[in-house]
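As the structure is a computational prediction, the values presented were derived from the model and not from experiment. Per chain, numbering begins at 1; letters A, B, ... match sequence-line order.
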2 protein chains.
Amino acid sequence: MATDVTITSAGEWADTVACCGLATSPVTEQDADRLAPMFKALGDPVRLRLASLIASAPEVCVCELTPAFDLSSATISHHLKTLRDAGLVESERRGTYVYYRVRPRALAALAALVSPG
Amino acid sequence: MATDVTITSAGEWADTVACCGLATSPVTEQDADRLAPMFKALGDPVRLRLASLIASAPEVCVCELTPAFDLSSATISHHLKTLRDAGLVESERRGTYVYYRVRPRALAALAALVSPG
DNA sequence: GTGTTGATTCGATAACCATCGAGACAGGAG
DNA sequence: CTCCTGTCTCGATGGTTATCGAATCAACAC
């Protein structure tokens, strides 16, 4: 599939999310359907660490991520795809290597939801 | 970190979480194992809406939550237990009814992780 | 005690998911 | 071109989960 420098899937909408506060007003059914997959993507210890590693630098090569886990590269690739499909990260191939970086607005949408008042 | 003694469920530990920023420093394997279940609990549209409904008031009776969904009360009860086991909410029975409220520090731990800088 | 209503647990089922090995694809080196 | 290395996809498999009806438990009214 065409790799995404120009994004795909979920995540775009995040820019337009109403914002603010699980508490302030109950999230709508539609918003829940769109936000839940992002939480779900972070709901696995491996993916949470992957996201964290990616977020701790402007971008990170897959070749640095794979050896950080005791898992096959197929599994890591699968988890990275899950994070990408959720709109949390994006990837770009440059030559032999593939680099991942976070989509800050997606994370911001989550933060807004779960932040107090 | 003084790991959790005799806890009702997860979530207590959240009070002692180091804090701050998926990005600032990569989350440890142990932290990931404890934080991921909280994200996972919010990773279902029904549970996200339940958490939102509970968070939008000081406390909410199950008898108000159940009719808000087109699901059996068994299913709602199951989802509430998932949220409770994740440490995101707590419940109290008063007479005939059971009331749920959020555990703000648990939410704060999530917010800290996913918030910028 | 019996009965009623709210909430949870039990057992089953269908759908989903994490993981792997094997294979395919992409890009560079010789 | 042929190899080699990095990444992804495919197919299979064992484990988990969302959902339900039925049964159970808890508190109250009678």
Side-chain angles (χ1 to χ4, degrees), chain A residues 1-5 7-10 29 32-33 35-51 53-54 59-86 88-101, chain B residues 8-10 29 32-33 35-51 53-54 59-86 88-101:
Chain A
M1 85 176 57
T3 353
D4 20 6
V5 169
I7 306 309
T8 68
S9 59
E29 199 169 340
D33 287 340
L35 282 165
M38 302 173 96
F39 283 106
K40 190 178 197 174
L42 294 178
D44 177 278
V46 172
R47 284 194 297 267
L48 190 54
R49 288 177 60 204
L50 279 171
L53 287 169
I54 295 169
E59 62 181 10
V60 181
C61 175
V62 174
C63 62
E64 297 179 56
L65 294 172
T66 303
F69 297 83
D70 199 16
L71 293 169
S72 73
S73 68
T75 300
I76 297 298
S77 193
H78 159 74
H79 282 310
L80 288 173
K81 174 170 163 50
T82 301
L83 288 171
R84 221 180 352 158
D85 289 347
L88 293 171
V89 304
E90 60 191 358
S91 65
E92 179 188 352
R93 164 160 239 139
R94 285 204 301 276
T96 307
Y97 301 103
V98 175
Y99 298 87
Y100 278 76
R101 49 181 175 271
Chain B
T8 58
S9 53
E29 199 170 340
D33 286 340
L35 281 164
M38 303 173 93
F39 283 108
K40 189 180 200 174
L42 294 178
D44 177 279
V46 173
R47 285 196 295 267
L48 190 54
R49 288 177 60 204
L50 278 171
L53 287 169
I54 294 169
E59 61 182 9
V60 181
C61 175
V62 173
C63 63
E64 295 178 58
L65 294 172
T66 304
F69 298 83
D70 200 16
L71 294 170
S72 73
S73 67
T75 299
I76 297 299
S77 194
H78 160 75
H79 283 308
L80 288 172
K81 174 170 165 47
T82 302
L83 288 171
R84 226 182 1 186
D85 289 348
L88 292 171
V89 304
E90 58 192 359
S91 64
E92 178 188 354
R93 166 159 237 143
R94 285 203 304 274
T96 307
Y97 301 104
V98 175
Y99 298 86
Y100 277 76
R101 47 181 175 272

Contact letters for nucleotides 23-30 of chain D, in which S counts primed atoms plus P, OP1 and OP2 and B counts the base, heavy atoms under 4.0 Å: ---SSS--
In this structure, how many angstroms lie between the C1' atom of D:dT17 and the CG atom of B:Leu83, rounded? 14 Å
Rounded to the Å, how far apart are B:Tyr97 OH and C:dT8 P? 14 Å
Between C:dT9 atom P and B:Leu80 atom CG, what is the distance in whole Å? 11 Å
Length of the CG-P vector between A:Asp85 and D:dT9, whole Å: 9 Å
Smallest heavy-atom separation, B:His79 atom then B:Val46 atom, equals CD2-CG1, 3.6 Å
Is there a side chain to side chain contact (heavy atoms under 4.5 Å, CB included) between B:Asp33 and A:Leu48? Walk through the geometry before answering. CA-CA 9 Å; B:Asp33 286 340; A:Leu48 190 54; over 6 Å; no
Taking it one step at a time, do B:Phe69 and B:Arg49 satisfy side chain to side chain contact (heavy atoms under 4.5 Å, CB included)? CA-CA 10 Å; B:Phe69 298 83; B:Arg49 288 177 60 204; 3.6 Å; yes
Using 0.5 Å steps for rounding, measure from the OH atom of A:Tyr97 to the CD atom of A:Glu64. 10.0 Å
Please evaluate residues A:Leu53 and A:Tyr100 with respect to the criterion side chain to side chain contact (heavy atoms under 4.5 Å, CB included), reporting the C-alpha separation (whole Å), side-chain torsions for both, the decisive distance (0.1 Å), and the verdict. CA-CA 10 Å; A:Leu53 287 169; A:Tyr100 278 76; over 6 Å; no
Rounded to the nearest 0.5 Å, how far apart are NZ of B:Lys40 and CG of A:Asp44? 7.0 Å
Per-nucleotide protein contact string for nucleotides 15-22 of chain C, where B marks a base within reach and S marks sugar-phosphate only (heavy atoms under 4.0 Å, - for neither): --SSBBBB
How many Å lie between OH on A:Tyr100 and C1' on D:dT7, as a whole number? 9 Å
With respect to B:Leu80, which candidate in B:Leu65, B:Thr75, B:Thr66 satisfies the side-chain contact (heavy atoms from CB on, under 4.5 Å) definition? B:Leu65
Whole-Å distance between D:dG6 C1' and A:Tyr99 OH? 11 Å
N/O donor-acceptor pair under 3.5 Å between A:Arg93 side chain and A:Gly95 backbone: yes
Nearest whole angstrom, please: distance from the C1' of C:dA7 to the NZ of B:Lys81. 14 Å
